[in-house]
Amino acid sequence: MLIKFFYTLRAAKLPVSVREFLSLLEGLEKGVIGSEGAASLDDFYFLARTTLIKDETQFDKFDRAFAAYFKGVELLSDFSQELPLEWLRQHLQLELSDEQKAAIEKMGWNELMETLKKRFEEQKERHEGGNKWIGTGGTSPFGHSGYNPQGIRIGGAGKNKSAVKVWEQRAYKDYDDQLELGTRNIKVALRRLRRFAREGSDLELDLGDTISKTAANAGMLDIRMVPERHNKVKVLLLMDVGGTMDEHVHRVEELFSAAKTEFKHLEFFYFHNCVYDFVWKNNRRRFAEKTPTWDLIRKYNRDYKLIFVGDATMSPYEILQPGGSVEYNNEEPGAEWLQRLTHAFPKYAWINPEPQGVWQYRQSVSLIQNLMQQRMFPLSLQGLEGAMRLLSQ
């Protein structure tokens with residue numbers, strides 16, 4: 001079984017060696033995890049990741065390969081477990097007509113937060129359905145798996161993309177910058193943003209000057225070298241991650257991988273939904289290793305090209321309201337930070353992986369477009385070429 005697991009990891013293009021695999025087997029044989037054969041699948045996951053994966057940027061790829069191979073193993077190993085409630089709920093999920101959805105009155109921001117506070121004080125038990133309590137299904141503005149145009153999602157997965165706050169701790173994944181591109185189109189589009197200069201030591205043959213000097217020297221070879229040509233363009237890349245961006249991971253990874261290849265001077269950071277007072281480099285440590293947004297403005301010069309990548313799909317509160325972030329109470333609205341960044345870096349653009357046809361139906365996209373002075377482009381060949389052409393002006 002584990003030999004097939006090893007080949008699954010290799011098929012996922014993870015750099016797993018035979019020696020590391022033998023270390024995993026040795027750990028199992030010596031009882032590193034569990035006692036008397038009682039190790040769980042979670043125990044095995046952490047042991048396998050520790051022995052086989054040496055680079056944190058590969059964790060997400062390992063997670064996907066692990067889940068693909070062991071899907072269903074944990075459930076089948078214990079027939080006494082109850083069926084997952086989600087299986088039983090799927091056919092019971094509430095479906096509302098357009099008229100019913102329109103009839104649900106939206107709360108204002110202050111009323112929404114005050115009402116949530118009261119619910120926490122009053123509610124004493126779990127609840128499903130209905131339009132008042134914190135629970136699942138129904139039309140209450142608090143909970144998940146139901147419908148409310150502007151509520152607070154507490155647990156569960158986002159479905160309608162309209163929550164104004166999310167009450168849960170989520171683990172985001174770093175984008176993989178080693179992804180092999182299926183096409184060179186993205187790289188070709190990014191090459192429109194080029195400004196070459198020769199720098200560094202003399203490493204490259206200057207063929208024209210060598211021929212000229214050799215001829216002038218009566219045929220005696222006179223080799224001339226020059227520094228390599230490098231793209232002098234400097235790029236500051238800010239990428240939205242998590243939530244609705246999970247649908248676009250593959251395409252953003254393609255863009256990220258191409259950017260790492262094409263731009264020697266590339267700085268990148270992550271944000272979620274909208275930029276606020278801090279960004280981060282590592283999604284697994286995003287609350288422990290923050291970078292103040294002010295530091296970006298102070299550290300990087302105005303000649304950096306600023307590129308945002310995000311679907312701009314969120315509650316309008318997240319852009320316009322102090323405390324509007326779905327993860328914490330930000331003191332200033334996202335709009336203020338976006339304006340500061342675009343003022344600090346005059347050459348900027350926003351790349352949106354969402355289909356351009358849906359932009360007009362999302363209020364948050366329109367707000368971001370206005371803040372970007374309409375410099376929003378789709379994540380397509382034509383869109384990237386348009387963005388690079390704008391940035392190169």
Side-chain angles (χ1 to χ4, degrees), residues 161 174-196 229-275 302-314 319 334-335 338-339 341-342 345-393:
K161 302 179 181 180
D174 291 345
Y175 290 127
D176 187 351
D177 61 358
Q178 301 299 318
L179 181 71
E180 293 185 10
L181 301 180
T183 175
R184 298 180 68 248
N185 286 346
I186 294 178
K187 295 170 73 174
V188 170
L190 294 181
R191 286 174 188 168
R192 291 185 176 275
L193 186 61
R194 292 184 293 184
R195 187 175 71 250
F196 285 108
R229 295 172 73 234
H230 294 287
N231 190 352
K232 291 291 291 182
V233 168
K234 293 182 282 188
V235 174
L236 179 57
L237 183 64
L238 303 183
M239 297 177 288
D240 184 6
V241 65
T244 56
M245 283 297 292
D246 288 346
E247 302 172 14
H248 310 294
V249 166
H250 182 72
R251 297 172 65 209
V252 175
E253 285 184 335
E254 286 185 337
L255 175 62
F256 187 27
S257 182
K260 294 268 285 190
T261 301
E262 293 300 315
F263 303 125
K264 179 182 178 182
H265 304 283
L266 174 69
E267 299 290 340
F268 70 90
F269 296 89
Y270 295 107
F271 66 93
H272 179 57
N273 284 358
C274 193
V275 180
R302 290 171 64 85
D303 58 347
Y304 270 83
K305 316 291 186 182
L306 176 61
I307 301 177
F308 298 92
V309 180
D311 59 7
T313 300
M314 67 197 90
I319 305 170
L338 293 178
Q339 289 176 335
L341 285 165
T342 54
F345 305 100
K347 301 290 187 178
Y348 61 88
W350 187 293
I351 308 298
N352 192 332
E354 279 284 279
Q356 196 168 4
V358 306
W359 292 3
Q360 60 181 315
Y361 301 109
R362 293 179 181 166
Q363 185 180 355
S364 59
V365 174
S366 297
L367 290 171
I368 295 293
Q369 280 184 300
N370 290 335
L371 290 166
M372 293 291 111
Q373 302 296 318
Q374 306 305 315
R375 300 181 187 185
M376 182 178 285
F377 300 85
L379 182 48
S380 63
L381 180 59
Q382 184 178 5
L384 287 174
E385 288 180 344
M388 298 306 106
R389 192 177 298 113
L390 173 68
L391 293 171
S392 63
Q393 293 177 355

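Fair warning: this is a prediction, and the values are worked out from it, not measured in the lab.
Between the CG atom of L236 and the CG atom of L306 there is a distance of 5.5 Å, given to the nearest 0.5 Å. Rounded to the nearest 0.5 Å, atoms OG (S366) and CD (Q360) are 8.5 Å apart. Atom NZ in K347 sits 14.5 Å away from atom NZ in K234 (nearest 0.5 Å). Expressed to the nearest 0.5 Å, how far CE of M239 lies from CD of E253 amounts to 9.5 Å. Rounding to the nearest 0.5 Å gives a distance of 9.0 Å between CG of D240 and NE2 of H248. Atom CD of residue Q373 and atom OG1 of residue T342 lie 7.5 Å apart, to the nearest 0.5 angstrom.
Using a 4.5 Å cut-off on side-chain heavy atoms (C-beta onward), L237 and E267 make no contact.
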Take K305 and F345 through the side-chain contact (heavy atoms from CB on, under 4.5 Å) test and state the conclusion after the steps.
-> CA-CA 7 Å; K305 316 291 186 182; F345 305 100; over 6 Å; no
Might you work through the side-chain contact (heavy atoms from CB on, under 4.5 Å) test for V309 and I307, ending with a clear yes or no?
-> CA-CA 7 Å; V309 180; I307 301 177; 4.3 Å; yes
Should V233 and H265 be marked as a side-chain contact (heavy atoms from CB on, under 4.5 Å) after you check the CA-CA gap, both sets of side-chain angles, and the distance that decides it?
-> CA-CA 7 Å; V233 168; H265 304 283; over 6 Å; no
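Here Q374 pairs with N370 under the side-chain hydrogen bond (donor to acceptor under 3.5 Å, both in side chains) rule; sequence neighbours left out. Contacts of Y304 classified as ring-ring contact (aromatic ring centres under 6.0 Å, His included), with partners at least two apart in sequence or in another chain: Y300. Applying the side-chain contact (heavy atoms from CB on, under 4.5 Å) criterion to R302, with sequence neighbours excluded, gives P346.
Nearest heavy-atom pair, I351 versus A387, reported as atom, atom and distance to 0.1 Å: CD1-CB, 3.7 Å. Of all the heavy atoms in P353 and R251, the pair that sits closest is O-NH1, 2.8 Å. Residues L338 and C274 approach most closely at CD1-SG, 3.9 Å, considering heavy atoms. For the pair M376 and I368, the tightest heavy-atom approach, listed with the atom from each and the gap, is CE-CG2, 3.5 Å. Closest approach of A349 and L391 over heavy atoms only: N-CD2, 4.1 Å. Taking every heavy atom of both residues into account, L371 and Q339 meet most closely at CD2-NE2, 3.7 Å.
W350 places no side-chain N or O within donor-acceptor distance of the main-chain N or O of F377, the cut-off being under 3.5 Å. A donor-acceptor pair is defined here as one N or O able to donate and one able to accept, closer than 3.5 Å; no such pair exists between the side chain of T261 and the backbone of A259. In terms of modelled atom types and a separation under 3.5 Å, the side chain of S392 and the main chain of R389 share a donor-acceptor contact. In terms of modelled atom types and a separation under 3.5 Å, the side chain of W359 and the main chain of E354 share a donor-acceptor contact. Checked by atom type and distance alone, the side chain of H272 pairs as donor or acceptor with a backbone atom of V241 at under 3.5 Å.
Between F256 and F268, the ring centre distance stays below 6.0 Å.
Using a 30° and 60° split on the angle between ring planes, F308 and F271 fall in the perpendicular class, above 60°.
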